[in-house]
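Everything on this sheet refers to the single structure shown next.
Each chain gets a letter, A, B and so on, in the order the sequences are listed, and its residues count up from 1.
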Amino acid sequence: MSHRLRDLGTPNPRSSPSGSQAGGGGGGRSGRRSLMTRRGAAPGGPARTDDATVVRGARRPERRRGGGFGGGGGGGGPSAAGRGVMASVALSEAEKVYIVHGVQEDLRVDGRGCEDYRCAEVETDVVSNTSGSARVKLGHTDILVGVKAEMGTPKLERPDEGYLEFFVDCSANATPEFEGRGGDDLGTEIANTLYRIFNNKGSIDLTSLCISPREHCWILYVDVLLLECGGNLFDAISIAVKAALFNTSIPKVRVLEDEEGSKDIELSDDPYDCIRLNVENVPCIITLSKIGYRHVVDATLQEEACSLASLLVSVTSKGVLTCMRKVGKGSLDPESIFEMMETGKRVGKVLHASLQTILQKEENLGPKRPKVGFLG
Amino acid sequence: MVTGFWLQPFRGHCEGPPPDRRAHGLTAAALRGAPTPAGASRHSRGSVHALGGAGRVPSAGRMRARVGRSSPPRAAGGSSAEQRSPTFGGNGEAPTPEAELRNRPAASGAAPAVPTMPGDHRRIRGPEESQPPSLYALPGQEDDDDEGAAGARDPARLRPVYARAGLLSQAKGSAYLEAGRTKVLCAVSGPRPAEGERAGAAAAGAGGRLVCDFRRAPFSGPRRRRPGGAGAGGGTEERELALAMQEALEPAVRLGRYPRAQLEVSALLLEDGGSALAAALTAASLALADAGVEMYDVVVGCALSRGAGPDAAWLLDPTRREEERAAAGITVALLPVLNQVAGLLGSGEAGEAESWAAAVRLGLEGCQRLYPVLQQCLLRAARRRGEAAGPGPTPAAAAARTPSEADAAAAAAAAAAAGADAVARDPPEDSEA
């Protein structure tokens, strides 16, 4: 298994899926209560990062290669985190050597293999003021996404489609470096990446967001809040965005045209009369960090400090790549890029499958799902 | 262009049909662009010149065009051009339609062929935002003026590249790169002490900082861009490309040699003819090398795009039209001697990972083919600088060193230009200073 999106929640036996999806198209927002995937206290679950201070004595430290060129001359240099703004930790040389050697042996500090994800907790419908929302915890990374649908005018070049707007807010709660305008650069970077991964026709059916061509469409404002940074922001954000879009329900509207040709938009009386988005092809980002000769998925902050370059790919559930980007100040070997793409595709497919299962399960629990929210 | 509006009415006036009939005939002539008799054109040129002296020609010309009827200038045709021009020049006012109505002699009011009301251009406002009609041209109908028809071209063709380093005198290093219609100007300044609130963070790290700026000129595309990025997503796109530049250049620069310092790279895209980021990357690395910044290798960028459809092919070095039609695009940056990928940025609908891998391969190959051109450009810049510095011990040594390498590079460039895939690999010429 290359990831653990574990489902340890205890489904309430009384809340069978029967009631929630009775009327076709029913099961609106409040009718969708969900199971959450709780991280268990099982060994290997949460990232035990303090272990990194232990150095195995028998190993002779060797210089890292293959991770790329640059970055102050090879392996040295304390905590040369890729971007100045990214939350980073300071690691000693010994800690780095420990992590790099562990990765070489396919054994990471928290007991995972190179292609294993940390436990992810997903809970949808956590913010009542939104059309759809989700909160994702991936290790110590904590992301909250809210989707709000508002009516607007379609873009000139795409008259019969709605569109998505992304905004990423790096709250100072996550790290003090984000205070003031400190998080702006990172926020813009993440938002741009999100635009990129949705920058194709297949990801989401934008024509379903159109109300009347050239005049009205739905704009989905996807607002991402970083509550805590524990490494691998991009992946966690993309999972949260997908979960929030899955959760999104947009009220149905009809366009009525009178004899003079003027148009009226009529909102359905039934609050449960909603359209749901098809998120089957919404991609998830897989970040592959190059550490030593190998690459790992879902790097913790400590591992990110050891990596000079990573490749970010966005993969749909069918294994189609929609975006590729090199991140970080190092360079990558062409061959390792091709390997990383293959890994990304493989890992991405499994991630999508389990995310879909979890979301479906949560939805099927119906309205009586015990909510955890921000206390859990 | 302006004279087009002016010459026609005045020419008609000089030819001398009666004032009232002139209106329609002239408009038609102006529309048809009828050839001008030599004498008439001389005369009219004189009148335009007189008006030009008052500095009003462009505004007046535009106003006529907006009013839409050519009547006001012709209505004034009863008086001669020689009489008119001092009027405008003398009182120094913009010639408003009202003013021209006042100037109209009573005789021309006898049989008005056109409505006498002038268009009230102040009340009839154009839309806030307007788009040139060429943007709405159907695909395939546009004149494929840029670099030949896109129908059948070699997917691996690179447009001819012109590069020149060291052209700005004030910058530490600079480069200008032209690939097809894409024109980029790049300048490097620094190293200077790191500033800003993140200076502390930079000091904590081992090396210096590389600060990149990417800017599009307002006239770089068919649509004017509002400077400062106030347009729809304009600013964020520039920031994204600046970040991509920074991430692609950082592996090449030995930042460890510049502790607590920052290097500033700014790229200005003068004209976007496609593959803008790739051209900016290449130009930036040339400018860095020209500035004498210590580098491991130069960075060469290449862009690719892929049309819609499952069996579309990846096209190397796309033009702007090809980029507009593309469903997917990617830019790769290579350190050619070390054979390391410095940057990668792409998105779109290109299907499976294999297709992307093929694109990366094709892009890297394109980068390798571009490399000799950059070598040559840097050599030339170094030689120019040596000549400018005059005879001395250092330039002499440089001159003694360069000829053989220059020949090798020239040979390699010639081979690349001939379309040969095999390119002689020379030792890196990046930090020639």
Side-chain angles (χ1 to χ4, degrees), chain A residues 68-73 76-85 88 90 155-157 177 180-182 185 188-189 191-193 195-203 308-309 311 313-315 318-334 336-338 341-342 344-345, chain B residues 129 131 135 197-198 201-202 204-210 232-233 235-237 239-240 243-244 246-248 250-257 259 296-297 299 308 327-328 330 332-335 338-357 359-361 364:
Chain A
F69 238 80
S79 176
R83 276 141 295 171
V85 282
S88 57
K155 287 185 176 166
L156 198 64
E157 58 271 19
E177 290 158 39
R181 304 186 65 84
D185 284 352
T188 320
E189 181 191 343
N192 279 332
T193 309
Y195 279 116
R196 267 193 185 273
I197 71 170
F198 282 93
N199 176 24
N200 63 74
K201 287 202 181 67
S203 285
L308 279 175
L311 186 75
V313 292
S314 70
V315 185
K318 296 195 182 79
V320 173
L321 264 65
T322 66
C323 170
M324 259 172 95
R325 207 189 126 196
K326 191 218 81 170
V327 185
K329 55 167 30 174
S331 60
L332 294 166
D333 193 70
S336 73
I337 287 182
F338 303 139
M341 279 160 62
E342 280 305 314
K345 185 176 146 187
Chain B
E129 204 180 330
Q131 316 287 347
L135 294 175
E197 73 270 25
R198 273 189 266 131
R209 276 206 304 152
L210 191 70
T236 62
E237 194 234 357
R239 275 164 81 178
E240 185 188 20
L243 181 73
Q246 184 189 336
E247 284 181 338
E250 268 174 345
V253 179
R254 299 188 66 184
L255 285 172
R257 302 293 285 248
Y296 293 106
D297 202 348
V299 180
I330 187 169
V332 292
L334 178 74
L335 309 177
L338 301 168
N339 193 28
Q340 292 265 310
V341 179
L344 199 58
L345 180 67
S347 64
E349 248 171 316
E352 297 282 326
E354 289 76 34
S355 165
W356 287 99
V360 174
R361 279 201 195 91
L364 297 182

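Put simply, the side chain of B:Glu349 does not reach to within 4.5 Å of the side chain of A:Val320, judged on heavy atoms.
Using a 4.5 Å cut-off between heavy atoms, B:Leu364 contacts chain A through its side chain alone, with no backbone atom that close. Proximity to chain B is limited to the backbone of A:Lys318, based on heavy atoms less than 4.5 angstrom apart. Using a 4.5 Å cut-off between heavy atoms, A:Leu311 touches chain B through its side chain atoms alone. Heavy-atom distances place the side chain of A:Thr188, and not its backbone, under 4.5 Å from chain B.
The minimum heavy-atom distance linking B:Gln340 with A:Ser331 is given by the pair OE1-OG, 2.9 Å. Heavy-atom minimum distance, B:Ser347 versus A:Arg196: OG-NH1, 3.1 Å. For B:Val341 against A:Lys326, the heavy-atom pair with the smallest separation is O-CD, 4.3 Å. When all heavy atoms are compared, the tightest approach of A:Lys345 to B:Ala353 is CD-CB, 4.0 Å.
With respect to chain A, the highest number of heavy-atom pairs below 4.5 Å among B:Ala350, B:Ser355, B:Gly348 belongs to B:Gly348.
One distance of note links CG of B:Leu243 with CZ of A:Arg325; it measures 5.5 Å at 0.5 Å rounding. Rounded to the nearest 0.5 Å, atoms CD (A:Glu342) and CD (B:Glu352) are 9.0 Å apart.
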Practice problem: Would you please test B:Leu210 and A:Lys329 for side-chain contact (heavy atoms from CB on, under 4.5 Å) and show each step? | Solution: CA-CA 10 Å; B:Leu210 191 70; A:Lys329 55 167 30 174; over 6 Å; no
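Listed for the A:Asn200 side chain is no donor-acceptor partner under 3.5 Å among the backbone atoms of B:Ala328. At least one donor-acceptor pair under 3.5 Å links the side chain of B:Trp356 to the backbone N or O of A:Leu321.
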